[in-house]
Amino acid sequence: MLAATQLDESGDAGNKLLMKTRNSVERPFGKTRVSRQSLVAIAVLVSWLVVSVCFGQASTPLGKHAIKKEAFGKMLDGSSVDVYTLTNSHGLEARIMNFGGIVLSLRVPDKNGKLDDIVLGFDSLEAYFANNPHFGSIIGRYANRIANGKFTLDGVEYSLPKNNGPNTLHGGVKGFDKVLWQAEPSESKQGVALVLRYTSKNGEEGFPGNLKTKVTYTFTDSDELAIDYEATTDKATPLNLTSHGYFNLAGQGTGDVLAHELLINADRFTPVDENLIPTGELHPVQGTPLDFTRAAAIGVRINDNYEQLVLGRGYDHNFVINRKGSGLELAARVHEPSTGRVLEIYTTEPGVQFYSANFLDGTLTGKQGRVYKQHSAFCLETQHFPDSPNHPSFPSTILKPGQTYTSRTVYTFSADKK
């Protein structure tokens, strides 16, 4: 099912905002005599209520969400790149670029209320042009791998750039993570938002159809970062969009994530071959190191002599989410013991790719001069299954003219106070 849910329906489910309604019933008044003493008593009561309300408002001031735009640099062709800082009413902060839709930083509190940046990335725009492993970016047209850089659609074989051995990975050489998006800030009662738009032309990176894409980041006052995807095409095309955040809930650059406790709401996964392409089967996780149906530390089984872990040099697998319907479903929950930070991910997608940053090797220096080594982050990329265009048994990723692709993923932040 390509469009798992409509934006307006999933928006209500993801935001979890408590709506208060008040019903009043009008009744006719008969003739009534009111004494002077009664009027005085009523006046005193009203005055007391007014003073109480004013005092209550003054003694419990609420924060205010905000959005700010700043210049961040220039593209090689001279186009300006801006960064938008989204702050919710509790002071949580997300900084997002219009280049690649990249989440530059994400500051959330720990159990003591201390804010820290929990995503990997770079301090300068130029670093994102060079050896960037898709830090925090929008991935498209097709997230994950397509085998041999080929697929057949409506009897036509399409060839794509091979940028991952024999495969096409994350949309090719110049995917959605490397283009400049049109940005428009927005604000509502729920929070602040950044709307990004990009039109991918027919034939771009080998994909058919002119694809109009809109991605909306919303930072709510319920401490949620929601990402809504929407797209239309004038020609049938594969489409699989995601966000490639590299998370470390102890703080970016503070070390590995092997002690993070992970739960994945999935009883099955898609096993891969030596090129990390799905075999087409769905295997149970039970009895394997890929069983996270109960929370377990990421590092407790990562070095097991298990074929799938050996092939991926760690975790790099798509999990089949246990779904009860087409709306938002819990994909994963991560808890970091030392800070108490908790990340929950809800999505309308059928799968989630768990990647334990196996290919970070200490050669990249990120924000604040911190070196990123193997397993210094985890990724949980909500998605359709890898190589779906070549596996008819997988949920379809084909978007056709007249259809609207919609997808929603919500990241919920909290802290365990224990």
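All values derive from a computational prediction rather than experimental measurement.
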Exercise. Check the pair Ser89 / Lys64 against side chain to side chain contact (heavy atoms under 4.5 Å, CB included), numbers first and verdict last.
Key: CA-CA 4 Å; Ser89 61; Lys64 189 178 187 304; 5.9 Å; no
Quiz item: Is the number of heavy atoms from other residues, nucleotides or ligands under 6.0 Å of Lys150 NZ greater than 12?
Solution: no
Quiz item: Just wondering, are more than 12 heavy atoms of other shown residues or ligands nearer than 6.0 Å to CD in Glu70?
Solution: yes
Rounded to the nearest 0.5 Å, how far apart are [atom1] of [X] and [atom2] of [Y]?
X      : Y      : atom1 : atom2 : result
Phe413 : Asp110 : CZ    : CG    : 14.0 Å
Leu380 : Thr409 : CG    : OG1   : 11.0 Å
Leu120 : Leu106 : CG    : CG    : 12.0 Å
Leu330 : Ile345 : CG    : CD1   : 9.0 Å
Ser137 : His170 : OG    : NE2   : 8.0 Å
Asn131 : Thr363 : CG    : OG1   : 6.0 Å

Practice problem: Just say parallel, tilted or perpendicular for the rings of Tyr198 and Trp181, cut-offs at 30° and 60°. | Solution: tilted
Exercise. Return the orientation label for the Phe319 and Phe269 ring planes: parallel under 30°, perpendicular over 60°, tilted otherwise.
Key: tilted
Quiz item: Any side-chain hydrogen bond (donor to acceptor under 3.5 Å, both in side chains) pairs touching residues 300-315, not counting sequence neighbours?
Solution: Gln308-His317
Practice problem: For a ring-ring contact (aromatic ring centres under 6.0 Å, His included) with His260, tell me which candidate from Phe354, Phe378, Phe247 qualifies. | Solution: Phe378
Quiz prompt | Qualifying residue, where the test is ring-ring contact (aromatic ring centres under 6.0 Å, His included) with Phe99 and the options are Phe129, Tyr128, Phe122 | solution = Phe129
Does a donor on one side chain sit under 3.5 Å from an acceptor on the other, for [X] and [Y]?
X      : Y      : value
Thr397 : Asn240 : no
Asp177 : His134 : yes
Asn88  : Asp223 : yes
His90  : Asp221 : no
Gln353 : Gln383 : yes
Glu336 : Ser338 : yes
Thr199 : Lys212 : no
Arg141 : Thr237 : yes
Thr404 : Thr232 : no
Asn210 : Asp234 : yes
Glu224 : Ser222 : no

Quiz item: Would you say the side-chain atoms of Thr270 pair up with the backbone N or O of Pro278, donor to acceptor, closer than 3.5 Å?
Solution: no
Quiz item: Are the side chain of Thr347 and the backbone of Thr382 linked by a donor-acceptor contact shorter than 3.5 Å?
Solution: no
Self-check item: Results of salt bridge (charged side-chain N to carboxylate O under 4.0 Å, His left out) for Asp256 - residues two or more places apart only
Solution: none
Closest approach of [X] to [Y] (non-hydrogen atoms, all atoms of both residues):
X      : Y      : value
Glu261 : Pro337 : OE2-CG, 3.7 Å
Ala183 : Leu194 : CB-CD1, 4.1 Å
Phe207 : Gly171 : CE1-O, 4.0 Å
Ser243 : Glu381 : O-CG, 3.9 Å
Ala297 : Phe292 : O-CE2, 4.2 Å
Ala226 : Val410 : CB-CG2, 4.0 Å

Quiz item: Hey, is Asp316 close enough to Arg145 for a salt bridge, meaning N to O under 4.0 Å?
Solution: yes
Quiz item: Quick one: do Lys324 and Glu329 make a salt bridge, cutoff under 4.0 Å?
Solution: yes
Quiz prompt | Single hit among Arg370, Arg95, Lys367, Arg341 for salt bridge (charged side-chain N to carboxylate O under 4.0 Å, His left out) with Asp117 | solution = Lys367
Practice problem: Begin with the C-alpha distance, continue with both residues' side-chain angles, and end with the deciding distance and a verdict on side chain to side chain contact (heavy atoms under 4.5 Å, CB included) for Asn167 and Asn275. | Solution: CA-CA 8 Å; Asn167 309 318; Asn275 292 316; 4.0 Å; yes
Practice problem: For Tyr142 and Glu205, run side-chain hydrogen bond (donor to acceptor under 3.5 Å, both in side chains): C-alpha distance rounded to whole Å, both residues' side-chain angles, the deciding distance at 0.1 Å, then the answer. | Solution: CA-CA 10 Å; Tyr142 200 94; Glu205 295 298 293; over 6 Å; no
Exercise. I would like to know whether Ser80 and Lys74 meet side-chain hydrogen bond (donor to acceptor under 3.5 Å, both in side chains); could you show each step before the answer?
Key: CA-CA 5 Å; Ser80 296; Lys74 291 187 179 295; 3.2 Å; yes
Exercise. Apply side chain to side chain contact (heavy atoms under 4.5 Å, CB included) to the pair Leu309 and Leu311, showing each step before the final yes or no.
Key: CA-CA 5 Å; Leu309 291 179; Leu311 291 172; over 6 Å; no
Quiz item: Could you go step by step and tell me if Lys69 and Asp82 meet the salt bridge (charged side-chain N to carboxylate O under 4.0 Å, His left out) rule?
Solution: CA-CA 7 Å; Lys69 173 184 174 182; Asp82 299 312; 3.7 Å; yes
Self-check item: With sequence neighbours excluded, residues passing ring pair (Phe, Tyr, Trp, His ring centres under 6.0 Å) with Tyr246
Solution: Phe135, His244
Exercise. Using side-chain contact (heavy atoms from CB on, under 4.5 Å) as the criterion, point out the one residue from Val257, Val342, Leu262 that pairs with Val334.
Key: Leu262
Exercise. Tell me, with the steps shown, if Glu204 and Lys174 meet salt bridge (charged side-chain N to carboxylate O under 4.0 Å, His left out).
Key: CA-CA 9 Å; Glu204 184 173 288; Lys174 188 180 180 181; over 6 Å; no
Exercise. Take Leu180 and Asn98 through the side chain to side chain contact (heavy atoms under 4.5 Å, CB included) test and state the conclusion after the steps.
Key: CA-CA 6 Å; Leu180 193 63; Asn98 57 341; 3.7 Å; yes
